[in-house]
Amino acid sequence: MEDEWLWGWDPTPGIVSVWAEPDGRAFVWRRLPGTGALVRDDVRFRPWLLLASLDDLTHLGARLRPESEGPVPRGVNYQELEGPGALRYVVRADDGRALAAAVLHGAARRLGRQLGHVRELGESAVLSLPPEEQYLIASGRTYFRDLGFDDLRRMQFDLETTGLDPGRDRIFLVALREPDGRTDVIEAHGDGDAAEADLLRRLVARVRAIDPDVIENHNLHGFDLPFIARRARVLNVPLALGRAGLPGLRQRPASRGASLGSGSMGRTPDPMRRMRYTLPGRELIDTLDAVLRHDFSARDLPGHGLKAVARHFGLAGPEREHIPGARVYEVYGRDPERVRRYARDDVTEAAGLARLLGGAAFALARMAPRRYERLADAGPATGVLDPLLVRAYLRAGAALPAHESGDGTPHSGAALHLFATGVARHIVKADVASLYPSLMREYRIGPRRDRLGVLLALVDRLVEHRLAAKARARSAAPGSPERHTNEALSAAMKIVVNSAYGYLGAVGLTRFADVHAANEVTRRGREVLGLLCRELARRGVTLLEADTDGVYFAVPDDWREADERRVVSEVAALLPPRVHLEFDGRYAAMLSHEPKNYVLQSYEGELILRGVAFRSSRAEPFGEDFLRRALRCLLAGDIPGVRETYVATVTALRRRTIPTLDVAANVRLKKTPSEYLAVRERRRELSYEAVLASGRKHWAAGEHVRVYRAVRGRAGLLPDPDAEDDGSARHDSRDDGGGGAAGEPLDYDVDYYVRLLRETFAARLVRALAPEDFAAVFADPEQPSLFAPSLANARPILTVLAEPSSELGE
DNA sequence: GCAAAACGGGG
DNA sequence: GTGTACGTTTTGC
């Protein structure tokens with residue numbers, strides 16, 4: 001039974017896509033085991049709804065019959081589910097439209113008004129799923145049984161356009177990557193409507209010839225598909241991208257989680273942001289969704305753009321061609337070969353990213369009764385757990401609770417303790433892996449209304465399967481499909497397991513939400529964190545910061561790694577059986593600044609900056625550079641070194657030996673010229689003033705510029721460093737040169753940047769030094785104080801804020 | 001310093 | 001096939 005809850009029960013292998021129509025037709029594309037040949041099964045299913053009452057169907061008279069009496073022509077069958085639960089009647093008919101029409105007819109009579117859709121009856125009265133999900137839930141089938149990720153036919157395509165606005169701009173080139181890894185580009189022959197229409201027709205023909213199961217790209221749903229849809233409409237090109245004579249590209253409403261932006265009222269709503277697209281027979285997968293899902297837990301990505309992510313994961317080759325987006329079309333004019341390379345690199349990276357991060361959604365699709373593409377962009381709670389729960393209840397013939405609003409009990413959160421600020425050495429991080437699901441399992445904390453215990457059973461099975469998958473992954477050869485599949489399975493199960501707690505706490509959003517259960521989980525969590533902190537402190541460590549499920553602490557200088565591990569395992573042994581405290585890492589030093597804001601230095605010397613205080617996205621390069629060098633000195637205990645770094649930076653600013661490029665901020669112009677001019681009198685913004693002052697009256701919203709504060713309150717604009725060169729001009733800032741090599745102006749406002757250095761960057765070291773030392777280290781080098789203390793004996797400080805016992809309430 | 005608004009990503 | 005959700009950073013007073 002529990003296996004059926006997790007995996008479904010129908011053994012049909014190889015399903016790669018499902019398309020179902022409300023009229024009861026379903027099309028199932030499968031790859032045959034062994035040959036991998038594609039077949040399409042055209043089947044019928046009985047569309048169904050879940051209702052709280054049969055009242056709206058009694059008007060059918062004899063055409064409403066119990067399921068056990070068999071189908072009625074043009075009628076509806078019903079089955080009453082057992083047990084408590086608002087949604088207790090499954091109603092089925094041959095045609096879902098007739099079924100819905102019958103319900104709507106009855107509802108209109110009862111309510112005295114017409115409804116457009118059964119959903120308008122409300123979540124407590126009806127559950128109506130998309131046809132594919134009706135089919136998958138009823139049949140017990142899931143995608144990808146007995147298939148590996150590499151058995152899918154995956155293709156990628158990437159548009160190059162003259163701009164970002166499909167109402168104005170055009171597609172001039174498309175890069176394609178075939179399932180075997182070959183890449184190719186197709187281009188518009190000319191720049192009129194006919195050439196672009198011809199390009200679109202060739203793209204459609206190529207997709208149909210390649211006949212992929214899956215189409216992937218980065219921001220596919222946010223850019224490429226809406227762009228294509230719009231251009232095809234304007235140019236009157238049919239987009240028959242799907243499989244077999246069914247309709248072409250269709251829109252579906254944006255789903256939760258991954259859709260970007262809110263395109264709110266007021267300003268022009270951006271329709272590109274909300275849509276999702278779908279095709280019969282193929283799955284449309286956006287790697288941006290996988291990236292967001294990954295970063296939600298990992299939180300280690302520098303950005304979510306394709307290039308940044310590919311670089312981060314080592315997918316970018318050394319020869320990777322780079323062109324700033326705004327220049328692509330212009331570069332194409334004089335060096336088309338370079339744009340071709342760039343576009344091919346894009347699809348290659350998108351394919352690599354899809355394989356690296358896409359396995360989790362693939363694995364989810366083997367469990368949950370939804371289309372693969374829906375699972376790729378779904379939130380794990382309502383997108384994965386809820387369909388699993390619905391399928392389990394229906395399989396058991398059990399009535400399903402409807403959504404219920406909370407009783408007003410507030411949701412209590414996790415514990416966060418800051419024990420000390422400043423600099424400490426010999427740091428250990430220990431944490432509990434999957435704390436909340438472990439507590440749910442250990443203390444059997446599940447939703448009150450889940451009388452079958454499905455959620456806890458799912459979590460139990462997922463944890464067991466996950467451990468097994470991890471073990472299989474470890475024993476498989478690195479890079480092998482076996483390893484990839486098991487790592488993906490493990491990642492998918494982790495997503496679901498970790499969302500079980502979120503599911504509990506999402507009152508009003510999830511069917512079985514239970515704030516009391518959620519609060520019991522966090523209460524146990526706070527208890528565990530408090531216990532492990534107290535027990536660590538008793539063993540002679542200095543606690544620094546503890547957050548939810550992990551703790552940083554410092555150990556005495558003479559401890560070895562073995563001592564660190566011993567103390568962690570001693571404390572681990574005192575925790576509840578399923579709660580596993582793990583040794584998560586060791587670091588040479590740590591600057592504890594504020595809760596969730598700290599700097600770690602590894603024993604290899606690498607600096608790790610965490611939290612908003614240390615990660616400002618548009619920070620000026622000279623300041624970032626200063627901060628990193630000062631932190632290195634600080635964490636090594638070298639206070640005179642911090643002073644030297646500061647003096648050197650101030651001096652270099654005053655002598656203007658720091659290039660203007662290093663004081664400039666890289667900003668994006670978000671407002672159009674007219675939008676800015678409209679608000680200019682109310683508030684002036686440096687970036688736009690810089691552009692205007694340079695004599696330019698026109699710019700495109702979204703354009704990146706480098707701006708700085710120049711002398712006499714002027715705003716300075718630097719020429720785009722990416723303009724002409726090969727894009728490798730990532731400027732390496734070191735105060736070693738006499739200004740910009742290209743003769744850039746050195747007219748930045750020195751006083752302003754000296755102040756910025758002190759108040760914004762140096763200020764991040766304030767917790768690390770005694771007040772008199774801080775004042776001395778960051779004193780103005782041109783105004784030497786007579787009483788300046790010697791820094792030779794200065795040491796970083798650690799300030800204990802709370803004794804663990806008082807902070808932890810014991 | 002705070003609340004409100006904008007952003008994310010794509011060329 | 002409509003609507004709301006998010007979390008973080010920047011802006012505006």
Side-chain angles (χ1 to χ4, degrees), chain A residues 22 100 115-120 122-123 128 130-131 158-166 168-175 217-228 231 250-267 270 272-276 278 286-289 291-293 295-296 299 301-309 323-332 339 342-343 346 350 378-379 381-383 502 506-510 596 611-613 615-619 665 667-668 670-671 675 679 682-687 700-704:
Chain A
L115 298 180
H117 194 279
V118 292
R119 290 260 167 89
E120 292 168 37
E123 282 181 323
S128 160
D158 185 56
L159 309 184
E160 301 304 329
T161 66
T162 59
L164 293 169
D165 177 2
R168 210 181 45 214
D169 300 308
R170 287 185 184 283
I171 305 166
F172 65 88
L173 181 149
V174 183
N217 195 22
H218 202 66
N219 206 14
L220 180 72
H221 287 282
F223 182 72
D224 301 85
L225 293 174
F227 209 110
I228 284 182
R231 298 310 298 164
R250 283 192 186 176
Q251 278 179 33
R252 62 177 163 93
S255 65
R256 55 189 295 117
S259 79
L260 297 168
S262 54
S264 61
M265 326 301 232
R267 285 162 43 89
D270 184 356
M272 307 216 356
R273 293 189 169 170
R274 297 192 172 196
M275 306 171 182
R276 294 272 168 176
T278 190
D286 192 334
T287 51
L288 178 57
D289 293 321
V291 164
L292 294 175
R293 187 180 268 173
D295 203 37
F296 183 76
R299 293 172 182 281
L301 293 177
H304 297 145
L306 177 64
K307 282 83 176 168
V309 176
I323 307 173
R327 314 208 87 91
V328 170
Y329 185 54
E330 161 202 329
V331 171
Y332 184 67
V339 174
Y342 166 77
D346 269 8
T382 54
V507 174
L509 291 174
T510 57
K596 297 178 192 279
V612 285
R615 281 193 170 215
S616 175
S617 55
R618 49 150 278 197
V667 299
R668 187 169 181 172
K670 289 149 201 152
K671 302 184 175 107
E675 283 168 339
V679 298
R682 262 193 290 130
R683 186 185 175 83
R684 304 215 159 194
E685 292 180 48
L686 186 70
S687 341
E703 189 179 332
H704 284 270

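If you're wondering where the values come from, they're calculated on a predicted model, not measured in any experiment. First the proteins, then the strands, lettered A, B, ... as listed; each starts at 1.
- Computed from coordinates, the A/H304 NE2 to B/dC7 P distance equals 17 Å when rounded to whole Å.
- Using a 4.0 Å heavy-atom distance criterion, A/L159 is classed as a sugar-phosphate-only contact.
- The same atom, P, is picked in C/dT2 and in B/dG9; the two are 26 Å apart, to the nearest Å.
- As judged by a 4.0 angstrom heavy-atom cut-off over every strand, A/L306 is placed among residues touching the sugar-phosphate backbone only.
- To the nearest angstrom, C1' of B/dG10 lies 16 Å from CZ of A/R231.
- Ring pair A/Y332/A/Y329 is parallel by interplanar angle, where below 30° counts as parallel and above 60° as perpendicular.
- Between the CG atom of A/D169 and the C1' atom of B/dG11 there is a distance of 8 Å, given to the nearest Å.
- With sequence neighbours left out, A/Y342 forms a ring-ring contact (aromatic ring centres under 6.0 Å, His included) with no residue at all.
- Taking the salt bridge (charged side-chain N to carboxylate O under 4.0 Å, His left out) definition, one finds that A/R293 meets it with nothing, sequence neighbours left out.
- In this structure, A/D295 reaches neither bases nor backbone, as no heavy-atom distance under 4.0 Å exists between it and the strands shown.
- What separates CG of A/D286 from C1' of B/dG8 is a distance of 13 Å, to the nearest Å.
- Atom P of nucleotide B/dG10 and atom OH of A/Y342 are separated by 8 Å, given to the nearest angstrom.
- Within 4.0 Å (heavy atoms only), A/N217 reaches no atom of the nucleic acid at all.
- When rounded to the nearest whole Å, the span between NE2 of A/H218 and C1' of B/dG11 equals 14 Å.
- Look at CD1 on A/I323: it is 15 Å from P on B/dG10, rounded to the nearest Å.
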